[in-house]
Amino acid sequence: MHHDATRSHPERPRASLRGVLLTLAGVVIGSAGYYASWRFQTPIGTLGGIAGLALCVIGTSHGHDGAHTA
């Protein structure tokens, strides 16, 4: 099998700062919320955990927005 050595490989997309920050905020908020829900049995902790999970999803879905400079 012959491979062309001059074939260019596409660049990996870089994550945007906004996406990374949203994801990290989601991890922190979600972890704190679920810990509070487990430790103190509070419904506000569960809501905090769900909000953190939502931030993670939003952050990863917008993680590649605006990172291309083609």
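Positions are given from 1 along the sequence.
In this structure, the side-chain contact (heavy atoms from CB on, under 4.5 Å) partners of I29, at least two apart in sequence or on a different chain, are L55.
The minimum heavy-atom distance linking C56 with G26 is given by the pair SG-C, 3.5 Å.
More than 12 heavy atoms of other residues, nucleotides or ligands shown are found within 6.0 angstrom of CG on L24.
In the hydrophobic clustering, L21 connects to L17, either directly or through intervening members, whenever side-chain heavy atoms lie under 4.5 Å apart.
Within the structure, the side chain to side chain donor-acceptor pair (under 3.5 Å) test picks out the following pairs touching residues 26-42 (sequence neighbours left out): S37-T46.
For the pairing with L22, the side-chain contact (heavy atoms from CB on, under 4.5 Å) check across T60, V27, I58 returns one residue only, I58.
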